[in-house]
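Structure, as structure tokens:
Note that this is a predicted model, so its numbers are computed, not measured. Chain A is the first sequence line, chain B the second, and so forth, proteins listed ahead of strands; every chain is numbered from 1.
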Protein chains: 2
Amino acid sequence: MRLSTKGEYASRAMLELSLHHEEKPLHIRDISKAQDIPERFLEQILLQLKRAGYLRSRKGPNGGYYLSKPPAEINVAEVIRVMDGPLAPIDCVSVTAHEVCPHESSCGLKGLWKEVRDAVAKIMETATFEELAERTRAARAGRRRGA
Amino acid sequence: MRLSTKGEYASRAMLELSLHHEEKPLHIRDISKAQDIPERFLEQILLQLKRAGYLRSRKGPNGGYYLSKPPAEINVAEVIRVMDGPLAPIDCVSVTAHEVCPHESSCGLKGLWKEVRDAVAKIMETATFEELAERTRAARAGRRRGA
DNA sequence: CAATAGTCGACTAACTCAATCGACTTAGTG
DNA sequence: CACTAAGTCGATTGAGTTAGTCGACTATTG
Ligand code: FES
Ligand code: FES
């Protein structure tokens, strides 16, 4: 039930972009530094996210990546699905890539997997990057005040 | 967020064993046939489950595997953990294999991953094999009546 | 002792993952 | 218009994991 590094990096990158939304585009290098992601690997991730329609980019000096819509309209489930495919633990309960099991009609496990899928989907679909950015800002402010 | 085949097979095997609990031991071949799992692969899985203490076995003719305790006392989370390791999507929110992230204190994502972990854990820890066996029997009975 | 059934460790082929590279295209700057 | 700073794209790689196999061994029963 592990999330791939790619999925994790993608979430972190999107979060970073959300934190700087409505400023200048961020270039790969800066995101890479801020979030500690190998630059060349991040390049691929951002490209994939762009092809999926979540990011836009500008070339040349002062270029970089930026969100194609406000962070409030993007949730974590979407970006994970772009990077890692369906959220479901096994295919027979996937909404996006359903496939049938042989013993499906008499399988006592299917219901359980479905519960898991639904729970995960609900949490990730509810979490927008707007909200995550807000949490991050709060955590950082708290840290500055404290310690 | 995918479950490995090994985890899936292990669940199915445990379910099969639960359905026949308190009868004779089941041998690998029968479980393999009933649940459509490659025999030689299943062998490994059962062995692992035995080493973890969930199964006992008897050699020789009339031998086979059987549960070491009643199905009501075994939940799915346990067996998945034996086969696939921690349930958490990433290590910093794992209870069983916690590890720290670099930017942990100012990370807006950690809370989310934790929610996911907790939700998955709750569902899987609540589901006992007793209950799953019951669901399976119900589904089969229903199927016999219907169609 | 022959047949049955689990035990153990090693092995492998295929695949996936994380990462890297080189060559190319586009955009801004002086 | 040349130079340079960026993103774009496809290919490739190396490490690691997964799913599955194999052969030799040990214990049990009849
Ligand atoms: S796992 Fe798909 S139906 Fe049982
Ligand atoms: S992901 Fe572990 S702290 Fe952010």
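Residue-level contact check: L46(B) touches neither bases nor backbone, having no heavy atom under 4.0 Å from any strand. Looking at heavy-atom distances under 4.0 Å, R51(A) makes contact with sugar-phosphate atoms alone, never a base. Counting any heavy atom pair closer than 4.0 Å across all strands shown, R56(B) reaches no nucleic acid atom.
A salt bridge links E131(A) to R135(A): at least one charged side-chain nitrogen sits closer than 4.0 Å to a carboxylate oxygen. A salt bridge links E8(A) to R12(A): at least one charged side-chain nitrogen sits closer than 4.0 Å to a carboxylate oxygen. Contact check on E43(B) versus R40(B) returns a salt bridge, with a Lys/Arg side-chain nitrogen under 4.0 Å from an Asp/Glu carboxylate oxygen. The existence of a salt bridge linking R137(A) and E134(A) is confirmed by a sub-4.0 Å separation between a basic side-chain nitrogen and an acidic carboxylate oxygen.
Remark: K6(A) is not in phosphate contact with dC17(C), judged by side-chain N or O atoms under 4.0 Å from OP1 or OP2. Put simply, K59(A) has no side-chain N or O that comes within less than 4.0 Å of OP1 or OP2 on dA5(D). Note on R29(A): every side-chain N or O is 4.0 Å or more away from OP1 and OP2 of dG7(D). Close to dA19(D), at under 4.0 Å from its OP1 or OP2, lies no side-chain N or O of Y9(B). Within the structure, every side-chain polar atom (N or O) of S57(B) is placed at least 4.0 Å from both OP1 and OP2 of dA5(C).
Across the protein-nucleic acid pair, L42(B) atom CG and dA5(C) atom P stand 15 Å apart, rounded to whole Å. Across the protein-nucleic acid pair, Q48(B) atom CD and dT18(D) atom P stand 11 Å apart, rounded to whole Å. Nucleotide dT20(C) holds its P atom 12 Å from the CD1 atom of I45(A), rounded to whole Å. Across the protein-nucleic acid pair, R58(B) atom CZ and dT7(C) atom P stand 12 Å apart, rounded to whole Å. For H27(A) and dA27(C), the NE2 to C1' distance is 14 Å, given to the nearest whole Å. In this structure, CG of L26(B) is placed 10 Å from P of dG6(C), rounded to the nearest angstrom. For Y66(A) and dA6(D), the OH to P distance is 16 Å, given to the nearest whole Å. L47(A) places its CG atom 14 Å from the C1' atom of dT26(C), with the value rounded to the nearest Å.
Contact annotation: side chain of R40(A) to base of dG22(C), donor-acceptor pair present below 3.5 Å. Scanning atom types as modelled, one donor and one acceptor separated by under 3.5 angstrom connect the side chain of E43(B) and the base of dC8(C). With hydrogens and angles ignored, no donor-acceptor pair closer than 3.5 Å exists between the side chain of Q44(B) and the base of dT7(C).
Taking the side chain of P61(A) as heavy atoms from C-beta on, and the options dT26(D), dC9(D), dA5(D), the nearest nucleotide is dA5(D).
Distance alone, capped at 3.5 Å, is enough to place a donor-acceptor pair between the S32(B) side chain and the I37(B) backbone. One N or O on the side chain of E78(A) and one on the backbone of N75(A) form a donor-acceptor pair closer than 3.5 Å.
For G60(A) and P38(A), each mapped to the nucleotide of DNA chain C holding its nearest heavy atom, the one lying further toward the 5' end belongs to P38(A).
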